[in-house]
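Because only heavy atoms are used, hydrogens play no part in the values below, and waters and symmetry mates are left out as well, while side chains stay in. Every chain is numbered from 1 and lettered A, B, ... according to where its sequence line falls, protein lines coming before strand lines.
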Number of protein chains: 2
Amino acid sequence: MKLVQIYQCLCDETRLRLLNLLLRGPLCVCHLQSALDEPQVKISKHLGYLKARGLVTARRSGNWMIYALPSERVRSPELRANLACLQDCAAESAVFRRDLARLDKLDLACAPVGAARASKGCDCDW
Amino acid sequence: MKLVQIYQCLCDETRLRLLNLLLRGPLCVCHLQSALDEPQVKISKHLGYLKARGLVTARRSGNWMIYALPSERVRSPELRANLACLQDCAAESAVFRRDLARLDKLDLACAPVGAARASKGCDCDW
DNA sequence: GATCAATATTCCTTGATGGGAATGTAGTTT
DNA sequence: AAACTACATTCCCATCAAGGAATATTGATC
């Protein structure tokens, strides 16, 4: 993956926010959607954009799609460097911190039947 | 300057190549143009884009315009981090290394009367 | 002041991108 | 199998960005 393509993935705020959350670990769409508080179409399209360019991977888990950054061994040096850079920068900006805070509060809220997460919820690992 | 705006500046290959050269120090347009081997209008427009967003500064020196990165003390942490990251990444890519090589070979070629650089040439500091 | 060199700007066309409304799809539950 | 949930895709629109040809601007030189 060329360096420009990495930057093209990073040049939209919604995508930055998504990646910032995914730096914590794999997440399903509904969690991303809740944490960002943005319409479903918007989230889904940007995830599609990132996936098409190899910046995220996706796997299905029941009704849920779990998105994740490519595993560390697979990341190119450029991607590795830029993700680290993003993580540092995002840590100092209110928007990104707020997203993380909202993600932390989500907890069971997104699981289908609430308390059922452990048994039937998606297995993203926040 | 917001993080996204930095990435928006970095998401075009021509701009990446320009910034890669400017990481060496201030340069006039004709040197950038020769090193990149791209049409004048293309170089000028991208420099304008970067300047409008504060990623480069410009000053006139006779007929020449000298472009430079903002001085180090002025750079935000985000910009600092991303420029460092860019420099690292660019060092490993053929295109960027080739640009630097061409820049090194330029020498006096771009000065108006050739050998006149010291007296009447522009004062960019390659 | 006419000319020239270096650079910027305008005008135009083309393609990519972002956003939303509506609809489609796949897996799950009952 | 019908209904529901989570998510993706299509269609449409508006905006923006990139590239080039031509032209304008600014400062230097003659």
Side-chain angles (χ1 to χ4, degrees), chain A residues 4-5 7-18 26-53 56-68 106 109-114 116-117 119-124, chain B residues 4-5 7-18 26-53 56-68 106 109-114 116-117 119-124:
Chain A
V4 199
Q5 298 176 306
Y7 286 126
Q8 285 167 350
C9 288
L10 299 179
C11 72
D12 176 89
E13 175 153 11
T14 304
R15 289 197 289 268
L16 283 185
R17 294 172 67 197
L18 288 171
L27 286 168
C28 67
V29 179
C30 60
H31 287 139
L32 292 167
Q33 186 177 336
S34 301
L36 263 63
D37 193 25
E38 295 280 357
Q40 184 255 326
V41 167
K42 192 169 175 179
I43 302 291
S44 183
K45 277 200 198 167
H46 283 295
L47 287 172
Y49 184 104
L50 293 172
K51 185 183 167 195
R53 286 155 184 81
V56 300
T57 61
R59 72 185 149 87
R60 181 175 280 279
S61 161
N63 265 340
W64 297 270
M65 291 292 300
I66 316 290
Y67 282 85
L106 275 185
C110 182
V113 203
R117 177 180 175 245
S119 51
K120 358 188 210 171
C122 63
D123 55 350
C124 60
Chain B
V4 198
Q5 298 176 305
Y7 287 126
Q8 285 167 350
C9 287
L10 299 179
C11 72
D12 176 272
E13 176 155 11
T14 304
R15 290 196 289 268
L16 283 185
R17 293 172 67 196
L18 289 171
L27 286 168
C28 69
V29 179
C30 60
H31 287 139
L32 291 167
Q33 187 177 335
S34 301
L36 263 64
D37 193 26
E38 295 280 358
Q40 183 256 326
V41 71
K42 190 169 175 177
I43 302 291
S44 184
K45 276 199 198 170
H46 282 295
L47 287 172
Y49 184 104
L50 292 172
K51 185 183 166 195
R53 286 156 185 81
V56 301
T57 62
R59 73 185 150 85
R60 180 175 281 277
S61 162
N63 265 340
W64 296 269
M65 292 293 299
I66 316 290
Y67 282 84
L106 275 186
C110 180
V113 202
R117 178 181 176 243
S119 52
K120 356 187 213 171
C122 63
D123 55 350
C124 61

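OP1 or OP2 of D/dA18 lies within a sub-4.0 Å distance of a side-chain N or O belonging to B/Arg15. Residue A/Tyr67 places at least one side-chain N or O under 4.0 Å from the OP1 or OP2 atom of D/dA8. In this structure, A/His31 does not reach the D/dA6 phosphate: none of its side-chain N or O atoms is under 4.0 Å from OP1 or OP2.
The listed nucleotides are C/dT17, D/dG19, D/dA8; the one nearest the side chain of A/Arg53 is C/dT17. Closest contact between the side chain of B/Pro39 and the listed nucleotides D/dG20, D/dT10, D/dT26 involves D/dG20. In the set C/dA8, C/dG20, C/dA26, the nucleotide with an atom closest to the side chain of A/Val41 is C/dG20. Closest to the side chain of A/Tyr49, from the set C/dT17, C/dT7, D/dC7, is C/dT17. Distances were taken from every side-chain heavy atom of B/His46 (C-beta onward) to each of C/dG27, D/dC7, D/dG19; the shortest belongs to D/dG19.
Rounded to an integer number of Å, the gap from CD1 of A/Ile43 to P of C/dG18 is 13 Å. The interatomic distance linking B/Leu32 (CG) with C/dT7 (P) rounds to 9 Å, in whole Å. At whole-Å resolution of the value, CD in B/Gln33 and C1' in C/dT7 are 9 Å apart. Rounded to a whole Å, the CG atom of A/Leu27 is 16 Å from the P atom of D/dA6. Look at CZ on B/Arg59: it is 13 Å from P on C/dT7, rounded to the nearest Å. In this structure, CG of A/Asp12 is placed 15 Å from C1' of D/dA17, rounded to the nearest angstrom. When rounded to the nearest whole Å, the span between CZ of A/Arg17 and P of C/dG18 equals 15 Å. B/Glu38 places its CD atom 18 Å from the C1' atom of C/dA8, with the value rounded to the nearest Å.
Residue B/Gln40 is in base contact, counting any heavy-atom pair closer than 4.0 Å across all strands shown. Nucleic acid contact for B/Val29: sugar-phosphate only, since backbone atoms but no base atoms lie under 4.0 Å from a heavy atom of the residue.
Evaluation of the side chain to side chain contact (heavy atoms under 4.5 Å, CB included) rule for A/Asp12 yields A/Thr14, A/Arg15, A/His46 as partners, not counting sequence neighbours.
A donor N or O paired with an acceptor N or O is found under 3.5 Å between the base of C/dG19 and the side-chain atoms of A/Lys45. Remark: the A/Lys42 side chain and the C/dG20 base include no donor-acceptor N/O pair separated by less than 3.5 Å.
A side-chain donor-acceptor contact under 3.5 Å links A/Ser34 to the backbone of A/Cys30. Judged by distance alone, the side chain of B/Arg17 and the main-chain N or O of B/Leu36 form a donor-acceptor pair under 3.5 Å.
Interatomic distance, B/Leu50 CG to B/Thr57 OG1, rounded to the nearest 0.5 Å: 11.0 Å.
Toward the 5' end of DNA chain D, the nearer of the two residues B/Thr14 and B/Asn63, judged by each one's closest nucleotide, is B/Thr14. Position along DNA chain C of the nearest nucleotide to B/Met65 versus A/Gly62 favours B/Met65 as the more 5'-ward residue.
By the 4.5 Å heavy-atom criterion applied to side chains, A/Arg53 and A/Gln5 are not counted as neighbours.
Taking both residues in full, the closest heavy atoms of A/Val29 and A/Tyr67 are given as CG2-CE1, 3.5 Å, listed atom of the first, atom of the second, then distance.
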